[in-house]
Student: 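I am attaching a structure below and will ask some questions about it afterwards.
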Protein chains: 2
Amino acid sequence: MQKETKYIMEKAKEEKKLDTTTEEKIKQAARKVFLQKGYAATRTRDIAEEAGINLALLNYYFRSKEKLFDLIMMETVAGFMQTMGMILNNEQSSIEDKAEAIAAHYIDFIIQDPNVPIFMLSEIRNNVDGLLEKFPIRQLVSNSAFFRQYREAAEAGKVTESNPLHFLMNLLGLVIFPFIGQPMLQRIGGMTDHQYRNMMLERKKLIPIWVNAMLKVT
Amino acid sequence: MQKETKYIMEKAKEEKKLDTTTEEKIKQAARKVFLQKGYAATRTRDIAEEAGINLALLNYYFRSKEKLFDLIMMETVAGFMQTMGMILNNEQSSIEDKAEAIAAHYIDFIIQDPNVPIFMLSEIRNNVDGLLEKFPIRQLVSNSAFFRQYREAAEAGKVTESNPLHFLMNLLGLVIFPFIGQPMLQRIGGMTDHQYRNMMLERKKLIPIWVNAMLKVT
DNA sequence: GTCTATATACGGATAGAC
DNA sequence: GTCTATCCGTATATAGAC
């Protein structure tokens with residue numbers, strides 16, 4: 001009876017309070033600091049302070065700064081790619097639908113977590129070694145329903161540029177660049193954070209229109 | 001007579017040999033390493049080694065790592081903005097001409113120095129304090145001939161989206177994003193460096209067509 | 001101006017008490 | 001699991017000889 005009570009309490013601790021676990025607090029703090037400052041510029045002490053824990057606990061739970069970073073990086077890239085794969089491989093939706101879905105999803109996504117793009121792109125540049133190799137990019141993207149649909153449309157003369165990679169980089173550029181260029185672009189526009197955010201939300205409707213127009217021109 | 005000879009020699013040293021000066025060698029090395037790895041990840045020893053000079057000379061000429069970085073950063077941003085200002089403030093050229101000029105110039109420019117965009121954008125993110133404040137952005141961009149022309153065209157119903165900032169961020173996104181996303185995009189396409197470079201060169205012609213199409217749609 | 005040697009500080013990581 | 005105290009490598013910067 002006493003044993004059973006103890007067991008239940010431990011289970012509750014593991015499952016219900018998972019978000020307030022020390023380990024989890026460290027991970028969340030690490031995510032915040034790493035995404036803000038990048039790997040090289042963050043000190044393990046910053047993370048400990050942000051998490052409100054003792055520095056030694058970071059090494060106790062995650063062994064090293066690098067291992068903790070790799071974990072955060074993997075989760076972040078995975079979180080980013082997952083939806084991409086879902087959308088691009090939807091056999092039911094058209095090319096236009098997919099573009100709209102990507103714009104809508106990623107604009108909302110990045111507004112929630114604005115540092116994700118610049119973080120991923122600048123860390124991948126250094127981590128040339130083999131971070132991307134751990135993700136099934138060719139399966140998820142190159143061999144996607146989208147790429148097949150696009151090639152078919154090009155052969156049928158329904159789109160004018162035959163390379164689907166141009167289309168994908170255009171779409172992602174229109175969605176992502178305004179966020180990574182925000183410090184500069186917002187200053188050019190003389191806008192508040194709120195105004196800039198609204199402009200990004202506008203683009204959920206505008207980008208599908210623009211990319212559809214791009215599909216039809218010589 | 002002796003004085004004059006000495007003067008001539010010093011002048012020659014200053015003007016002709018300027019590129020092989022120790023000071024200049026350090027600057028060039030610093031530029032290379034900073035742009036590749038970012039401020040936090042570069043060590044002054046890396047720069048000294050790259051320049052083939054003694055570490056102490058770096059501090060002798062530039063006082064500190066941070067001062068040297070600030071110099072490189074300022075020159076890089078200035079070099080980037082200068083042509084932008086020239087193109088946007090050309091009273092003779094049309095909106096379409098300007099888009100074409102920007103695409104052509106910056107694609108060539110970034111191919112020569114591929115790290116410039118991700119370097120600028122990721123360092124500006126940290127340097128929130130006041131790097132951009134040192135540049136006359138509003139004068140160069142917000143009050144440019146381009147912004148005026150665009151607003152006039154919008155009023156005359158010749159372009160469908162009335163905010164020139166949308167147009168500018170679209171154009172820059174189409175030009176710049178494929179470079180900062182290269183590690184990911186090149187992998188998706190399964191391309192060699194050479195093939196990717198050719199694709200970027202293609203875009204000098206394609207981007208003007210695309211942005212013109214975007215100008216005309218609802 | 002350029003070198004060697006070194007001061008000084010900082011950051012990652014661990015030992016060991018509780 | 002969590003803390004304090006500390007070790008140790010490394011990075012910036014300078015002192016001082018040449």
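Every chain is numbered from 1 and lettered A, B, ... according to where its sequence line falls, protein lines coming before strand lines.
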Student: Short question: side chain of B:Gln149, backbone of B:Ser93 - any donor-acceptor pair under 3.5 Å?
Tutor: yes

Student: Any idea how B:Phe109 and B:Tyr106 line up, ring-wise: parallel (<30°), tilted (30 to 60°), or perpendicular (>60°)?
Tutor: perpendicular

Student: Find the distance A:Asn54:CG to C:dG12:P and express it as a whole number of Å.
Tutor: 14 Å

Student: Measure from NZ on B:Lys67 to C1' on D:dT14 and round the result to the nearest Å.
Tutor: 15 Å

Student: In whole angstroms, how far is the P atom of D:dG1 from the CD1 atom of A:Ile53?
Tutor: 13 Å

Student: Below the 4.0 Å mark, does D:dT14 have OP1 or OP2 next to a side-chain nitrogen or oxygen of B:Arg63?
Tutor: yes

Student: Test salt bridge (charged side-chain N to carboxylate O under 4.0 Å, His left out) on B:Lys27 and B:Glu75; report intermediate values, then the result.
Tutor: CA-CA 11 Å; B:Lys27 250 179 70 175; B:Glu75 288 188 4; 2.8 Å; yes

Student: Counting only heavy atoms and a strict 4.0 angstrom limit, can you tell me which residues of residues 29-45 of chain A come near DNA chain C?
Tutor: A:Thr42, A:Arg43, A:Thr44, A:Arg45

Student: Rounding to an integer number of Å, can you tell me how far A:Lys65 NZ sits from C:dT14 P?
Tutor: 15 Å

Student: Separation of B:Glu66 atom CD from D:dA11 atom P, in whole Å?
Tutor: 18 Å

Student: Distance check needed: C:dG11 P versus A:Leu55 CG, whole Å only.
Tutor: 11 Å

Student: Is the NZ or CZ atom of B:Lys65 both under 6.0 Å from the centre of the six-membered ring of B:Tyr39 and within 45° of that ring's axis?
Tutor: yes

Student: Keeping B:Asn89 on the side-chain end and B:Leu140 on the backbone end, is there a donor-acceptor pair under 3.5 Å?
Tutor: yes

Student: Measuring centre to centre across the rings, with the benzene-like ring taken for any Trp, is A:Phe34 within less than 6.0 Å of A:Phe69?
Tutor: yes

Student: Hey, does the side chain of B:Thr22 come within less than 4.0 Å of C:dT2's phosphate (OP1/OP2), counting only N and O?
Tutor: yes

Student: Look at the side-chain N and O atoms of B:Tyr60 and state whether any lies under 4.0 Å from the OP1 or OP2 oxygen of D:dT14.
Tutor: no

Student: Are the side chain of B:Asp46 and the backbone N or O of B:Arg43 linked by a donor-acceptor pair below 3.5 Å?
Tutor: yes

Student: To the nearest Å, how far apart are B:Asn59 CG and D:dT14 C1'?
Tutor: 8 Å

Student: I need the CG-P distance between A:Leu57 and C:dA13, as an integer number of Å.
Tutor: 15 Å

Student: Which residue in the set A:Phe147, A:Tyr150, A:Trp210 passes ring-ring contact (aromatic ring centres under 6.0 Å, His included) when paired with A:Phe167?
Tutor: A:Tyr150

Student: Scan residues 68-76 of chain B against DNA chain C and write down, sorted by residue number, each residue with any heavy atom closer than 4.0 Å; if none is found, say none.
Tutor: none

Student: What pairs with B:Arg203 under salt bridge (charged side-chain N to carboxylate O under 4.0 Å, His left out), at least two apart in sequence or on another chain?
Tutor: none

